[in-house]
There are 2 protein chains.
Amino acid sequence: MGVSIKDIARAAGVSHSTVSRALADSPLVKEETRERIKQLAQEMGYSPHALARSLVTRRTQTVGVVVTTIADPFVSEIVRGLEETGQNHGYTIILCNSNAEPRRELAAVKALREKRVDGIIVTASRIGDLYLPLLEDFGVPIVLINNQQTGKYVYSIGTDDLRGGQIATEHLLSLGHTRIAYIASPNNVRSSQARMDGYRAALEAAGIAFDPALVAEGDGRPAAATHATEHLLSRGVRPTAIFCYNDMTAIGTIRALKKAGIRVPDDVSVVGYDDIPIVEYLDPPLTTIRQRKYDMGCMAMDMLLRLLNGAADVQDVTIEPTLVVRESTSAPRRV
Amino acid sequence: MGVSIKDIARAAGVSHSTVSRALADSPLVKEETRERIKQLAQEMGYSPHALARSLVTRRTQTVGVVVTTIADPFVSEIVRGLEETGQNHGYTIILCNSNAEPRRELAAVKALREKRVDGIIVTASRIGDLYLPLLEDFGVPIVLINNQQTGKYVYSIGTDDLRGGQIATEHLLSLGHTRIAYIASPNNVRSSQARMDGYRAALEAAGIAFDPALVAEGDGRPAAATHATEHLLSRGVRPTAIFCYNDMTAIGTIRALKKAGIRVPDDVSVVGYDDIPIVEYLDPPLTTIRQRKYDMGCMAMDMLLRLLNGAADVQDVTIEPTLVVRESTSAPRRV
DNA sequence: AATCATACTGCAAACGTGTGCGCTTGCGCC
DNA sequence: GGCGCAAGCGCACACGTTTGCAGTATGATT
């Protein structure tokens with residue numbers, strides 16, 4: 001095990017430099033010897049030692065990917081895109097879960113640095129302001145997904161959350177709804193804020209005053225959304241439609257509505273956000289705002305690769321979200 | 001950028017060997033110098049060069065993880081477990097999607113080999129008989145998840161699918177069902193076969209003859225399951241309960257039933273398999289067989305780490321699946 | 001005073017690869 | 001026959017570590 005170019009050199013009766021060049025298709029070595037060497041390498045089961053190579057080329061063909069948790073349908077779709085286009089260009093990815101714990105984030109950055117990854121891609125709802133500096137003085141390009149933030153070496157790609165909130169709300173308005181609630185995420189979550197801004201903008205454009213009583217706060221997961229919705233209902237608030245921060249929130253909301261004997265969409269319409277794979281199979285299939293997760297992954301990796309190739313004209317990207325109408329929304333009942 | 005131990009050595013007025021030892025807490029260097037060196041390393045922003053280290057230690061502290069696709073709630077949970085326990089022991093993981101395409105599988109193995117990973121973990125419904133040999137002559141320990149297969153360096157961890165099928169069926173039998181259907185996956189899928197074997201065993205133990213007419217074939221995804229179920233119904237087959245190969249199949253099955261105006265569980269009970277995170281939020285919440293995916297990930301990584309530490313007593317593991325009763329099953333209606 | 005053990009520290013090789021530079025060889029040309 | 005040129009190849013260094021071995025003090029022992 002472990003045949004090196006030196007072994008091949010010995011077998012071929014040349015120097016290891018020649019082997020190195022032959023395998024790299026250098027024109028500096030005669031075609032005949034090149035073929036002979038390649039043949040030999042094949043027979044001897046040679047596999048290049050990427051680490052040794054990296055040591056001298058100062059490139060590892062590896063990028064680090066930091067996510068909060070891979071067990072989230074949203075991020076796993078993105079990672080699929082990342083990995084696939086990375087692989088297509090000969091890059092390999094090192095995956096790190098941060099669990100949103102500072103300790104793990106730190107460990108991840110440290111590990112990626114030691115392994116000398118060529119670049120880093122981060123998907124995190126809230127990137128620690130604490131550890132962005134750490135990443136920066138690492139001196140390697142960084143692409144942020146869904147988290148615009150600026151700095152040296154830092155580029156970002158994301159969706160226009162404000163626009164998304166607007167589209168969702170406009171859809172409901174166009175169906176004839178006027179009392180539309182919003183189930184948010186904690187206000188330190190930038191994307192939730194942006195979606196709510198879009199929601200307010202759409203309302204105002206339609207001449208409807210924003211009513212804070214129609215807003216409740218979840219945490220992006222079903223259980224909290226169920227509570228938030230029940231809380232809303234118990235306060236005697238009766239919207240005819242609910243726009244949810246994300247699909248998981250919508251799932252919790254629908255559950256609360258059903259429990260209360262309220263039909264979806266007959267009594268109340270619901271709109272989600274993200275279009276995670278499962279929601280088309282819910283009952284009713286969920287109307288939602290689609291984020292092109294896979295594409296975002298592909299684009300983020302493309303962006304990083306361009307940066308690694310020294311492109312100077314790399315610009316931040318924002319993707320337009322789109323509306324996917326299914327069966328959780330309909331016109332409000334006549335009262 | 002790029003301070004090495006030589007730089008530190010120069011600054012400290014010692015040789016680089018001493019620096020190396022000091023940073024490794026070797027007792028061979030005087031406490032005072034050790035502290036001074038560490039201090040210096042800190043100040044100079046030193047980060048060890050893992051590649052150079054690996055070149056001499058012949059260990060990369062990296063393991064390769066090959067999955068069919070990370071965008072599957074089942075595998076992403078496993079990967080979470082893998083990554084987390086790996087990280088806890090100072091290991092980093094390289095993630096490769098194979099998409100079940102031979103071309104990508106090959107590329108993955110090649111890349112992992114060149115990067116000299118210490119070990120490999122594979123999660124794939126059907127590991128290519130073609131590429132297992134490739135992995136083997138790589139000469140590195142391999143852990144297979146949910147795919148018992150034997151070979152040199154190969155260990156495996158999985159769940160007892162037969163037992164799972166049995167448990168699911170027994171649950172339905174105990175509720176009083178006697179006409180129980182099974183929506184399978186193609187018969188080349190080992191796990192589907194095993195679950196069906198468990199299903200048959202339970203039926204026979206209850207004195208009920210196996211009826212091939214009650215079996216239909218899906219492909220593990222909702223759409224095919226919907227078709228399979230509709231096909232079943234159109235043939236005039238009327239089971240009072242349906243056991244599904246997995247949760248995605250169950251989702252498709254329930255959709256078909258609802259479309260046909262059949263209520264779940266009032267008219268027909270449904271049992272899934274896997275317990276992916278979403279199914280507790282379905283309507284009705286799904287009764288299913290739980291696979292401890294996260295734990296499987298943790299255990300697989302543990303196993304690999306033990307192998308890497310030279311443990312000789314490593315044995316294949318099989319995990320007992322458990323029944324999770326929710327609301328998609330109930331006693332059959334009196335006829 | 002010579003020997004010796006102890007406690008550090010440095011030298012140098014090794015891991016496997018890429019690459020600038022110089023050396024040889026063969027050939028054509030004047 | 002001398003010269004130049006191009007093609008093809010090897011030498012030697014570099015990348016940043018770890019580690020066996022040898023070396024040098026220092027102080028203690030005989």
Side-chain angles (χ1 to χ4, degrees), chain A residues 1-38 40-41 44-62 90 110-111 113-118 138-139, chain B residues 1-38 40-41 44-62 90 110-111 113-118 138-139:
Chain A
M1 200 195 11
V3 15
S4 74
I5 55 171
K6 287 189 186 169
D7 299 323
I8 300 177
R10 207 170 306 127
V14 298
S15 79
H16 77 276
S17 325
T18 303
V19 176
S20 172
R21 280 190 268 256
L23 296 178
D25 281 323
S26 159
L28 289 180
V29 22
K30 186 158 44 167
E31 169 138 7
E32 181 218 318
T33 22
R34 191 194 317 165
E35 288 313 318
R36 190 163 49 93
I37 289 174
K38 283 191 171 183
L40 223 41
M44 299 175 68
Y46 170 72
S47 163
H49 197 304
L51 280 64
R53 190 204 312 259
S54 294
L55 195 55
V56 20
T57 61
R58 300 172 154 284
R59 280 300 205 90
T60 54
Q61 304 281 108
T62 301
K110 202 165 144 246
R113 180 165 187 175
E114 295 189 355
K115 301 249 161 107
R116 299 296 193 268
V117 296
D118 291 337
F138 182 176
Chain B
M1 204 197 3
V3 13
S4 74
I5 56 172
K6 288 189 188 169
D7 299 323
I8 301 178
R10 207 170 305 127
V14 297
S15 79
H16 74 276
S17 326
T18 303
V19 174
S20 172
R21 279 191 269 255
L23 295 178
D25 280 323
S26 159
L28 289 181
V29 21
K30 188 159 42 169
E31 169 140 6
E32 182 219 316
T33 21
R34 190 193 319 165
E35 287 312 317
R36 190 162 50 93
I37 289 174
K38 283 190 170 183
L40 224 42
M44 299 174 67
Y46 171 73
S47 164
H49 197 304
L51 280 63
R53 191 205 312 262
S54 295
L55 195 55
V56 22
T57 61
R58 300 172 152 285
R59 281 300 205 90
T60 54
Q61 304 281 110
T62 302
K110 199 162 147 252
R113 179 165 189 176
E114 295 188 355
K115 301 249 160 108
R116 297 297 192 268
V117 296
D118 292 336
F138 181 177

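Please read all numbers here as calculations on a predicted model, not as lab measurements. To find a chain, count down the sequence lines: A is the first, B the second, and so on, and within it residues start at 1.
Looking at heavy-atom distances under 4.0 Å, B:S54 makes no contact with the nucleic acid at all.
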Please output the side-chain donor-acceptor pairs of residues 6-20 of chain A that fall under 3.5 Å, not counting sequence neighbours, one pair per line with the distance.
| from | atom 1 | to | atom 2 | distance (Å) |
| --- | --- | --- | --- | --- |
| A:D7 | OD1 | A:R10 | NH1 | 3.4 |
| A:D7 | OD2 | A:S4 | N | 2.8 |
| A:S15 | OG | A:S17 | N | 3.3 |
| A:S15 | OG | A:T18 | N | 3.4 |
| A:S15 | OG | A:T18 | OG1 | 3.4 |

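A straight line from NE2 of A:H49 to C1' of D:dC15 spans 13 Å, rounded to a whole angstrom. D:dC9 atom C1' lies 14 Å from atom CD1 of A:I5, rounded to whole Å. Here the P atom of nucleotide C:dG16 and the CZ atom of A:R58 are 20 Å apart, to the nearest Å. Rounded to an integer number of Å, the gap from CD1 of A:I8 to C1' of D:dG10 is 17 Å. The distance from atom CG of A:L55 to atom C1' of D:dA14 is 9 Å, rounded to the nearest whole Å. Rounded to an integer number of Å, the gap from B:K115 NZ to C:dG16 P is 18 Å. The NZ-P distance, from B:K30 to D:dT26, rounds to 10 Å in whole Å. When rounded to the nearest whole Å, the span between CZ of A:R59 and C1' of D:dC15 equals 16 Å.
Both A:K6 and B:E31 lie near DNA chain C, and the one whose nearest nucleotide falls closer to the 5' end is B:E31. Map B:G13 and A:T57 each onto its nearest nucleotide of DNA chain C; the residue landing nearer the 5' end is B:G13.
Of all the residues in residues 14-28 of chain B, B:V14, B:S15, B:H16, B:S17, B:T18, B:R21, B:L28 reach under 4.0 Å from DNA chain C with at least one non-hydrogen atom.
Considering only heavy atoms from C-beta on, B:P48 comes within 4.5 Å of B:R53 through its side chain. Contact check for A:S47 versus B:R116: side-chain heavy atoms found under the 4.5 Å cut-off.
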After noting the C-alpha distance and the side-chain angles of A:K115 and A:T62, does the key distance pass the side-chain hydrogen bond (donor to acceptor under 3.5 Å, both in side chains) rule? CA-CA 9 Å; A:K115 301 249 161 107; A:T62 301; over 6 Å; no

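When all heavy atoms are compared, the tightest approach of B:D25 to B:R34 is OD1-CD, 3.7 Å.
Exactly one of B:I37, B:L40, B:V3 qualifies for a side-chain contact (heavy atoms from CB on, under 4.5 Å) with B:Y46. That residue is B:V3.
Between B:R53 and D:dG16 there is no side-chain polar atom (N or O) within less than 4.0 angstrom of OP1 or OP2.
With A:R58 contributing its side chain and A:L55 its backbone, the two residues share no donor-acceptor pair below 3.5 Å.
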